[in-house]
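Written out below as structure tokens is the structure these notes cover.
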Amino acid sequence: MTTTEIPVDNGVNVEALLGVRAALADTPEIAQFQWRSTVSWVNGTHSRSDVETFYGFGDDQQHHATFSYDVDHPLQFAAQDNGVTPVEYVLVALGGCLTAGVAAVAQQRLIQLRSVQATLTAEMDLHGILGADPDVRNGFSGVTVSYQIDADATAEEIRALVAQSQKRSAVYDILTSPTRVTVDVA
């Protein structure tokens, strides 16, 4: 049996994804989504984010469960370390989005994945966020994503998987393109 006869299963239903894309051509309004998170302060720098509902496909939607995420700062910042920092969640989001894309593109291109691991690092100078130097940026000065991928594919095909994932990643776009953010107090 040749490798082309072995079915590829990376756990992604590409037919369903392509069906959604096709449906958007006839009803573009269903592509308008609103993602939501409710964040409640617990104590100190500790807060808890809950994700339960979102709007999409023309109606309010609900996840099968409420997902809760603790956010805090480490002991080294005089905090209680009850969760990862907000900036670490950004890395989690970027890695998760890019890796989901790698799996989806591999499935569509009939490339069987055996393992995918991304290591993300971000550089940050605390002088900015602590107000010690107004010329230092508060956020990341750079982010690096390094993949180790074992797949039934050439190195060139694997690079193409990652490139296509990066091209379609919502979180990559959020981080690399200006996004309007409005903060108000009710």
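Everything numeric in this text was worked out from a predicted model, so none of it was measured. Along the sequence shown, residues carry numbers from 1.
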Requested in this report: Hey, could you give me each pair passing side chain to side chain donor-acceptor pair (under 3.5 Å) that has a residue in residues 132-142? Not counting sequence neighbours.
Outcome: none
Query - Spacing of L110 atom CG and N10 atom CG [to the nearest 0.5 Å] - result: 9.5 Å
Query raised in the report: Given side chains that start at C-beta, do those of D50 and E52 come closer than 4.5 Å, heavy atoms only?
Result: no
Report summary line: Separation between CG (L161) and CD (Q107), nearest 0.5 Å, reads 11.5 Å
Query raised in the report: Where is the tightest heavy-atom contact between S165 and C97, given as atom of each residue plus distance?
Result: OG-O, 4.3 Å
Query raised in the report: Taking C-beta and beyond as the side chain, do H46 and D70 meet within less than 4.5 Å on heavy atoms?
Result: yes
Query raised in the report: What's the verdict on side-chain hydrogen bond (donor to acceptor under 3.5 Å, both in side chains) for R36 and Q34, showing C-alpha distance, side-chain angles and the deciding distance?
Result: CA-CA 6 Å; R36 304 171 181 154; Q34 180 188 70; 2.7 Å; yes
Query - Side-chain heavy atoms of E88 within contact of V90, under 4.5 Å - result: no
Report task. Using the test salt bridge (Lys or Arg N to Asp or Glu O under 4.0 Å), find all partners of R21 that sit at least two apart in sequence or belong to another chain. Result -> none
Query raised in the report: Counting only heavy atoms not in Q148, do more than 12 fall under 6.0 Å of its CD?
Result: no
Query - Non-hydrogen side-chain atoms of F54 and H63 separated by less than 4.5 Å - result: yes
Report task. State, yes or no, whether a side-chain contact exists between V71 and S49 at a heavy-atom distance under 4.5 Å. Result -> yes
Query - Minimum side-chain heavy-atom gap F57-V20 below 4.5 Å - result: yes
Requested in this report: Before giving the answer on side chain to side chain contact (heavy atoms under 4.5 Å, CB included), spell out for E15 and L17 the whole-Å C-alpha distance, their side-chain angles and the decisive distance to 0.1 Å.
Outcome: CA-CA 5 Å; E15 288 181 26; L17 291 175; over 6 Å; no
Query - Taking every non-hydrogen atom, the tightest pair across M124 and V87 - result: CE-CG1, 3.8 Å
Query raised in the report: Is the CD atom of E123 crowded by more than 12 outside heavy atoms at less than 6.0 Å?
Result: yes
Query raised in the report: Taking the side chain as C-beta and beyond, is there a heavy-atom pair between T53 and D60 under 4.5 Å?
Result: no
Query raised in the report: Under a 4.5 Å cut-off applied to non-hydrogen side-chain atoms, are Y147 and L98 in contact?
Result: yes
Query raised in the report: Nearest heavy-atom pair of F33 and I30: which atoms, and what distance?
Result: CE1-O, 3.5 Å
Query - Gap between atom OH of Y55 and atom CD of Q32 - 0.5 Å precision - result: 8.5 Å
Query - Main-chain N/O of A23 paired to T27 side chain as donor or acceptor, under 3.5 Å - result: yes
Query raised in the report: Rounded to the nearest 0.5 Å, what separation is found between the CZ atom of R180 and the OG1 atom of T182?
Result: 5.0 Å
Query raised in the report: Are W41 and V51 connected in a single hydrophobic cluster, I mean Ile/Leu/Val/Met/Phe/Trp/Tyr linked by side-chain heavy atoms less than 4.5 Å apart?
Result: no
Query - Full working for side chain to side chain contact (heavy atoms under 4.5 Å, CB included) between I111 and I158 - result: CA-CA 9 Å; I111 296 173; I158 291 172; 5.9 Å; no
**Report entry** Within one Ile-Leu-Val-Met-Phe-Trp-Tyr cluster: L126 and V143, side-chain cutoff 4.5 Å
**Finding:** yes
Query - Smallest separation among heavy atoms of A79 and L75, with atom names - result: O-CD2, 3.2 Å
Requested in this report: Determine, using the 4.5 Å side-chain heavy-atom cutoff (strictly less than), whether L94 and V105 are members of one ILVMFWY cluster.
Outcome: yes
Requested in this report: Would you check, one step at a time, whether the test side chain to side chain contact (heavy atoms under 4.5 Å, CB included) holds for S40 with V42?
Outcome: CA-CA 6 Å; S40 301; V42 177; 5.9 Å; no
Query - Single-linkage hydrophobic cluster F140~V84, side-chain heavy atoms < 4.5 angstrom - result: no
Requested in this report: Of all the heavy-atom pairs spanning G95 and L120, show the shortest one and how long it is.
Outcome: N-CD2, 3.6 Å
Query raised in the report: Do you know which two heavy atoms are closest between A25 and P28, and how far apart they sit?
Result: O-CD, 4.2 Å
Report task. Calculate, to the nearest 0.5 Å, the distance between atoms CG and CG belonging to D81 and D72 respectively. Result -> 6.5 Å
Report task. Could you state whether V116 and V14 fall into the same hydrophobic cluster, counting links through intermediate Ile, Leu, Val, Met, Phe, Trp or Tyr residues with side-chain heavy atoms under 4.5 angstrom apart? Result -> no
